[in-house]
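These numbers come from a predicted model, not from an experiment.
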Amino acid sequence: AILTPHVYWAQRHRDIYLRVELSDAKNLDISLQDNNTLLFRAQGHGAKGDNEYRFSLEFLEPVRPESTQRQVDIKIKKQEERWWGRLTLQEKKPLFLAPDFDRWLDESDAEMELQAKEEKINRISVESRVRKDPYLGLKKGYLFMYNLVQFLGFSWIFVNMTVRLFILGQDSFYDTFHTTADMMYFCQMMAVLEVINPLLGLVKTGFLPAMIQVAGRNVILFVIFGSLEDMQNKPVVFFVFYLWSTIEIFRYPFYMLACISTEWKLLTWLRYSLWIPLYPLGVVAEAVAVIQSLPIFDETRLFSLPLPAVLGHSLSFSFTLQLYLVLMFLGLFINFRHLYKQRRRRYRLKKRKVH
């Protein structure tokens with residue numbers, strides 16, 4: 001009697017995988033006839049002990065004869081890259097044949113696997129053609145140190161304000177500027193580099209959103225708070241500084257880890273989620289500070305623009321700030337839209353990687 005081993009099979013669009021349940025196989029004889037019939041014969045230990053085992057499979061479509069590997073794990077190339085509805089030409093499956101569930105994929109999963117392989121090959125091909133930047137390490141080192149310094153600076157502000165709030169309560173609102181202004185000055189002057197970095201090609205973020213955010217904050221810090229002593233003791237300073245620092249203690253470490261190709265999932269979620277409520281609240285706090293400063297600029301005539309006698313004595317700086325309020329909320333829309341697109345793009349890419 002002819003003994004038949006158990007054979008497990010799976011397929012992809014390009015290949016057929018056969019796994020013959022036969023150990024200690026020797027005298028292997030594997031051949032293809034007429035480009036679609038596989039003949040197998042070998043001596044080995046199978047379901048009926050040590051014997052000679054044989055089987056034949058007439059495939060549904062032609063395969064490539066030169067692709068057959070002469071081993072018990074058999075990989076066969078299809079002549080035409082397409083999905084087969086079944087393995088054999090005969091509709092009734094041979095009794096010795098069963099699916100190989102360790103390799104089994106349905107058609108849609110196999111297409112996704114094939115697409116992923118092609119994308120990987122294309123990416124490697126593109127990367128091999130792109131000339132490596134000899135200064136890449138230096139650029140990443142600079143960006144890492146910049147983000148680290150900013151993180152430490154805003155962390156100091158956040159911790160200082162939090163501790164004083166717990167100890168002094170609402171009294172801490174009135175001296176926030178005098179206790180944290182020096183560090184905030186340092187951090188915001190450093191932030192000017194965020195406008196320069198895109199221009200130098202060091203980062204891929206847009207120039208306009210960075211300029212709007214940095215310029216807007218510096219107007220509030222240096223013009224509104226820094227030049228008006230009457231504004232420095234107002235509670236709005238606390239809320240502006242606290243919202244700024246809360247956003248930055250998550251943003252800068254996220255960029256810092258990105259420089260070394262590292263990701264912390266919790267930090268990523270916080271960076272792309274906390275700004276949704278905090279960023280608009282920060283703009284509202286800044287707007288309150290501008291509105292509170294308008295009568296002070298009208299009274300002191302600070303930064304007023306001299307005008308000809310026919311038109312009047314001078315144009316109050318408060319008029320400029322009123323225009324700035326409009327631009328502030330326009331900038332909120334631009335930045336919010338930019339950040340939201342970043343968030344959607346990131347999670348869309350993440351979803352594709354998971355699938």
Identify the heavy atoms of [X] and [Y] that sit nearest to each other, and give their distance.
X    : Y    : answer
L202 : L143 : O-CD1, 3.5 Å
A42  : L28  : CB-CD2, 3.4 Å
A10  : D100 : CB-O, 4.2 Å
A289 : V236 : N-CG2, 3.9 Å
V195 : A210 : CG2-O, 4.0 Å
F225 : L221 : CB-O, 3.5 Å

Side-chain heavy-atom pair [X], [Y] within 4.5 angstrom cut-off:
X    : Y    : answer
L302 : L228 : yes
Y8   : V20  : no
L87  : L60  : no
S172 : M161 : no
Y174 : V237 : no
R301 : S318 : no
L321 : F297 : yes
T88  : P94  : yes

Give a yes or no on whether a salt bridge exists between [X] and [Y], defined as a side-chain N under 4.0 angstrom from a carboxylate O.
X    : Y    : value
D15  : K77  : yes
R217 : E194 : no
R54  : D29  : no

> Looking at residues at least two apart in the chain, or sitting in another chain, which of them share a side-chain hydrogen bond (donor to acceptor under 3.5 Å, both in side chains) with K139?
Replying inline: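 K139 satisfies side-chain hydrogen bond (donor to acceptor under 3.5 Å, both in side chains) with D133 only.
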> Can L32 and L39 be said to form a side-chain contact (heavy atoms from CB on, under 4.5 Å), step by step?
Replying inline: CA-CA 6 Å; L32 278 171; L39 301 179; over 6 Å; no
Determine whether a donor-acceptor pair (N or O, by modelled atom type, separation under 3.5 Å) exists between the side chain of [X] and the backbone of [Y].
X    : Y    : value
K78  : R82  : yes
E263 : K265 : no
N233 : D230 : no
T262 : I260 : yes
S273 : L270 : no

Separation of [Y] [atom2] from [X] [atom1] (nearest 0.5 Å):
X    : Y    : atom1 : atom2 : value
H45  : E21  : NE2   : CD    : 9.5 Å
Q43  : Y53  : CD    : OH    : 9.0 Å
F207 : I212 : CZ    : CD1   : 9.5 Å
T176 : L165 : OG1   : CG    : 9.0 Å
N36  : F59  : CG    : CZ    : 8.5 Å
L22  : F55  : CG    : CZ    : 9.5 Å

> Taking only residues two or more places apart in sequence, or in another chain, which ones meet F177 in a ring pair (Phe, Tyr, Trp, His ring centres under 6.0 Å)?
Replying inline: none
Considering only distance and modelled atom types, tabulate donor-acceptor pairs under 3.5 Å from the side chains of residues 150-157, sequence neighbours left out.
unit_1	atom_1	unit_2	atom_2	d
Q150	NE2	Y146	OH	3.3
Q150	NE2	C187	O	3.0
Q150	NE2	Y252	OH	3.3
S155	OG	F151	O	2.6

>> Evaluate E80 against R14 for salt bridge (Lys or Arg N to Asp or Glu O under 4.0 Å), listing each step before the verdict.
In response: CA-CA 7 Å; E80 183 181 350; R14 297 175 178 174; over 6 Å; no
> Does K93 make a cation-pi contact with W9 (under 6.0 Å, within 45 degrees of the axis)?
Replying inline: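 Ring-cation test returns no.
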I'd like to know whether [atom1] of [X] has more than 12 heavy-atom contacts from other residues, nucleotides or ligands below 6.0 angstrom.
X    : atom1 : result
W264 : CH2   : no
E229 : CD    : no
F222 : CZ    : yes
H6   : NE2   : no

>> Hydrogens and angles aside, do T37 and E58 bring a side-chain donor and acceptor to less than 3.5 Å of each other?
In response: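 There is no such pair between these side chains.
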> Taking atom types as modelled and ignoring hydrogens, do the side chains of R12 and Y17 form a donor-acceptor contact shorter than 3.5 angstrom?
Replying inline: no
>> So if I apply the side chain to side chain contact (heavy atoms under 4.5 Å, CB included) rule between F317 and each of L305, T300, V223, which one comes out positive?
In response: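 For F317, the side chain to side chain contact (heavy atoms under 4.5 Å, CB included) check succeeds only for V223.
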Kindly work out whether a path of hydrophobic side-chain contacts (I/L/V/M/F/W/Y, heavy atoms less than 4.5 Å apart) joins [X] to [Y].
X    : Y    : value
L57  : W83  : no
I220 : V326 : no
M145 : Y142 : yes
V203 : L136 : no
L200 : F144 : yes

>> Quick one, T162 with Y242, criterion side-chain contact (heavy atoms from CB on, under 4.5 Å). Give me CA distance, side-chain angles, the key distance, then yes/no.
In response: CA-CA 9 Å; T162 302; Y242 206 73; 2.8 Å; yes
>> Applying side-chain contact (heavy atoms from CB on, under 4.5 Å) to Q79 and E61, what does each step give before you reach the verdict?
In response: CA-CA 8 Å; Q79 278 195 358; E61 296 182 10; over 6 Å; no
> Should Q170 and F238 be marked as a side-chain contact (heavy atoms from CB on, under 4.5 Å) after you check the CA-CA gap, both sets of side-chain angles, and the distance that decides it?
Replying inline: CA-CA 10 Å; Q170 294 184 5; F238 174 88; over 6 Å; no
>> Is the ring pair F254/Y272 parallel, tilted or perpendicular, if the boundaries are 30 and 60 degrees?
In response: perpendicular
